[in-house]
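What you are looking at is a predicted structure, and each value in this text was computed from that prediction instead of being measured.
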Amino acid sequence: MNYTVRRESGTFRGGACIVKEDRLILINRSMPHEASCVILARTLARLGASDTYAKPAVRDILERERLWVEQHPEVTFGVA
């Protein structure tokens, strides 16, 4: 999908963005690993990663998060 995942410090939760033509998925370094995984899975679900090949366990997680995102369109990952 041509995105680079980076853990950075700052006042944000995380999500996908484009910086100077670089596609990034940023995750806040201070977040617990469990929360970071949820943000990554939901971001990938928003980007349509469930349409790409993944191991069955990963595909199940992406599908679960895709359904969550569809049911909660008002929830975004903005500035904390």
Side-chain angles (χ1 to χ4, degrees):
M1 296 179 65
N2 296 322
Y3 277 83
T4 300
V5 178
R6 293 185 3 198
R7 291 177 53 98
E8 301 284 342
S9 298
T11 58
F12 62 94
R13 291 188 184 112
C17 65
I18 298 175
V19 178
K20 296 183 182 179
E21 299 182 14
D22 293 332
R23 294 176 173 207
L24 302 173
I25 297 174
L26 296 176
I27 303 200
N28 193 315
R29 182 180 300 271
S30 65
M31 295 187 84
H33 290 294
E34 295 84 1
S36 297
C37 290
V38 169
I39 287 175
L40 178 60
R42 288 184 184 165
T43 301
L44 291 172
R46 286 181 194 274
L47 295 172
S50 57
D51 298 336
T52 61
Y53 175 78
K55 290 184 177 185
V58 174
R59 191 170 44 244
D60 291 344
I61 292 168
L62 291 174
E63 180 61 19
R64 181 185 68 219
E65 296 304 327
R66 184 189 66 75
L67 292 172
W68 190 93
V69 167
E70 284 181 1
Q71 294 170 0
H72 301 87
E74 73 284 356
V75 176
T76 61
F77 300 109
V79 176

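If you take CZ on Arg42 and CZ on Arg13, they are separated by 11.5 Å, rounding to the nearest 0.5 Å. The CD1 atom of Ile39 sits 3.5 Å away from the CE atom of Met31 when rounded to the nearest 0.5 Å. Atom CG in Leu40 sits 4.5 Å away from atom CD1 in Ile27 (nearest 0.5 Å).
Side chains of Phe12 and Leu26 form a contact here, defined as non-hydrogen atoms less than 4.5 Å apart. Between Met1 and Leu47, the closest side-chain pair of non-hydrogen atoms falls below 4.5 Å. No side-chain heavy atom of Leu62 sits less than 4.5 Å from a side-chain heavy atom of Arg59. The side-chain heavy atoms of Val69 and Arg46, taken from C-beta on, include a pair separated by under 4.5 Å.
The backbone N or O of Arg7 lies less than 3.5 Å from a partner atom in the side chain of Arg29, making a donor-acceptor pair.
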Candidate pair Arg66 and Glu70, rule salt bridge (charged side-chain N to carboxylate O under 4.0 Å, His left out), full reasoning: CA-CA 6 Å; Arg66 184 189 66 75; Glu70 284 181 1; 2.3 Å; yes
Criterion side-chain contact (heavy atoms from CB on, under 4.5 Å) on Arg64 and Ile61, from CA distance to verdict: CA-CA 5 Å; Arg64 181 185 68 219; Ile61 292 168; 3.9 Å; yes
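Tyr3 and Ile25 get closest at one heavy-atom pair: CD2-CG1, 3.8 Å.
Under the 4.5 Å side-chain heavy-atom criterion for Ile, Leu, Val, Met, Phe, Trp and Tyr, Val58 and Leu67 are members of distinct hydrophobic clusters.
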